[in-house]
J.: 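One structure, pasted below without further comment.
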Amino acid sequence: QVQLVESGGGLVQAGGSLRLSCAASGGTFSSYGMGWFRQAPGKEREFVAHINSIGRTTYYADSVKARFTVSRDNAKNTLYLQMNNLNPEDTAVYYCAARSRSSLPVHTPTSWTYWGQGTQVTVSS
């Protein structure tokens, strides 16, 4: 059983930056693919970014590409999401997720096994 705890959310002005962290415990972190999702009020949870188990392959939603960077430190069992040039449309609760190796699409929430509790990101205009 893997436990995931996000941190680093907050209130930021448009154009600003935030760095989210996701601390993992209870499993072999380096064996899991990791992802970030977000959910705005009244909307479905949407894929943001994915990184493979060894950190060599990343994949982003078009809406965040070139602004967000996903990374991981397997020695620290921690996943990161660096978010730059934020805009109000990025306002959401951000969740990290983990899954074992899978052929299912990474952008599908149901293909992920473990979830954190989420951290709120609010971008003011």
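Just so we're clear, the structure is a prediction, and the values are computed from it rather than from any experiment.
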J.: Distance from Met34 atom CE to Thr58 atom OG1, nearest 0.5 Å?
T.: 14.5 Å
J.: In residues 83-90, what donor-acceptor pairs under 3.5 Å come from side-chain atoms, sequence neighbours left out?
T.:
| from | atom 1 | to | atom 2 | distance (Å) |
| --- | --- | --- | --- | --- |
| Asn84 | OD1 | Ser17 | OG | 3.0 |
| Asn84 | OD1 | Gln82 | NE2 | 2.9 |
| Asn87 | OD1 | Glu89 | N | 3.0 |
| Asn87 | OD1 | Asp90 | N | 3.4 |
| Asp90 | OD1 | Arg38 | NH1 | 2.9 |
| Asp90 | OD1 | Arg67 | NH2 | 2.9 |
| Asp90 | OD2 | Arg67 | NH1 | 2.7 |
| Asp90 | OD2 | Arg67 | NH2 | 3.4 |
| Asp90 | OD2 | Asn87 | N | 2.9 |

J.: Using the ring pair (Phe, Tyr, Trp, His ring centres under 6.0 Å) rule, collect all pairs that involve residues 51-81, keeping only residues at least two apart or in two chains.
T.: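 Output for this query lists Phe47-Tyr59.
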J.: Donor-acceptor pairs under 3.5 Å, side chain of residues 118-125 to any protein atom, not counting sequence neighbours: which ones?
T.:
| from | atom 1 | to | atom 2 | distance (Å) |
| --- | --- | --- | --- | --- |
| Thr119 | OG1 | Gly9 | N | 3.2 |
| Gln120 | NE2 | Ala92 | O | 3.4 |
| Gln120 | NE2 | Thr122 | OG1 | 3.3 |

J.: Is the backbone N or O of Gln117 less than 3.5 Å from a side-chain atom of Glu6, with the two atoms forming a donor-acceptor pair by type?
T.: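 Answer holds: yes.
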J.: Quick one: hydrophobic cluster around Leu11, which other residues, with the 4.5 Å side-chain cut-off, linked directly or via members?
T.: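 Other cluster members: none.
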J.: Sequence neighbours left out, what passes side chain to side chain donor-acceptor pair (under 3.5 Å) with Ser31? Give chain and number order.
T.: none
J.: Has Arg45 got its NZ or CZ under 6.0 Å from the middle of the six-membered ring of Trp115, at an angle within 45 degrees of the ring axis?
T.: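 Verdict for Trp115: a cation-pi partner in Arg45.
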J.: Which salt bridge (charged side-chain N to carboxylate O under 4.0 Å, His left out) pairs, counting each pair once, include a residue from residues 47-62, with sequence neighbours left out?
T.: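 Sorted pair list: Asp62-Lys65.
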J.: To the nearest 0.5 Å, how far apart are OG1 in Thr78 and CG in Leu20?
T.: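 These two atoms lie 13.0 Å from each other.
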J.: Is the backbone of Ser30 close enough, under 3.5 Å, to the side chain of Thr28 for a donor and an acceptor to pair up by distance?
T.: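 Absent.
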J.: Which pairs count as disulfide bond (SG atoms under 2.5 Å apart) when at least one residue sits in residues 46-79, sequence neighbours excluded?
T.: none
J.: With sequence neighbours left out, write down each residue that passes side-chain contact (heavy atoms from CB on, under 4.5 Å) with Thr108, or none if nothing qualifies.
T.: Pro105, Thr110, Ser111
J.: With Arg99 as the cation and Tyr114 as the aromatic partner, state whether NZ or CZ is under 6.0 Å from the six-membered ring centre and within 45° of the axis.
T.: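 Judged by the rule (NZ or CZ under 6.0 Å from the ring centre, within 45° of its axis), Arg99 is not positioned above Tyr114.
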J.: Contact between Val48 and Tyr95 at the side-chain level, heavy atoms closer than 4.5 Å - yes or no?
T.: no
J.: Do Trp112 and Val2 sit in one hydrophobic cluster, given that two such residues count as connected whenever their side-chain heavy atoms are within less than 4.5 Å of each other, even indirectly?
T.: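 The answer is no; the residues belong to distinct hydrophobic clusters.
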J.: Using the side chain to side chain donor-acceptor pair (under 3.5 Å) criterion, which residues pair with Asn77? Sequence neighbours excluded.
T.: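 Here no residue qualifies.
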J.: Quick check: do Leu81 and Leu79 have side-chain heavy atoms less than 4.5 Å from each other?
T.: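 Sidechains of Leu79 and Leu81: no contact.
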J.: Would you say Thr57 and His50 make side-chain contact, with heavy atoms under 4.5 Å?
T.: no
J.: Transitively linked via ILVMFWY side-chain contacts under 4.5 Å: Ile51 with Tyr94?
T.: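 In one cluster with Ile51: Tyr94, yes.
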J.: Using side chain to side chain donor-acceptor pair (under 3.5 Å) as the criterion, list what pairs up with Ser100, not counting sequence neighbours.
T.: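 Side chain to side chain donor-acceptor pair (under 3.5 Å) check on Ser100 returns nothing, list empty.
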J.: Give every residue pair that meets the salt bridge (charged side-chain N to carboxylate O under 4.0 Å, His left out) criterion with at least one member in residues 72-85, sequence neighbours excluded.
T.: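 Listed once each, the pairs would be none.
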J.: Looking only at heavy atoms, what is the nearest atom pair of Phe37 and Val106, with distance?
T.: CZ-O, 3.4 Å
J.: Please, which pairs that meet disulfide bond (SG atoms under 2.5 Å apart) have at least one residue in residues 27-113, sequence neighbours excluded?
T.: Cys22-Cys96
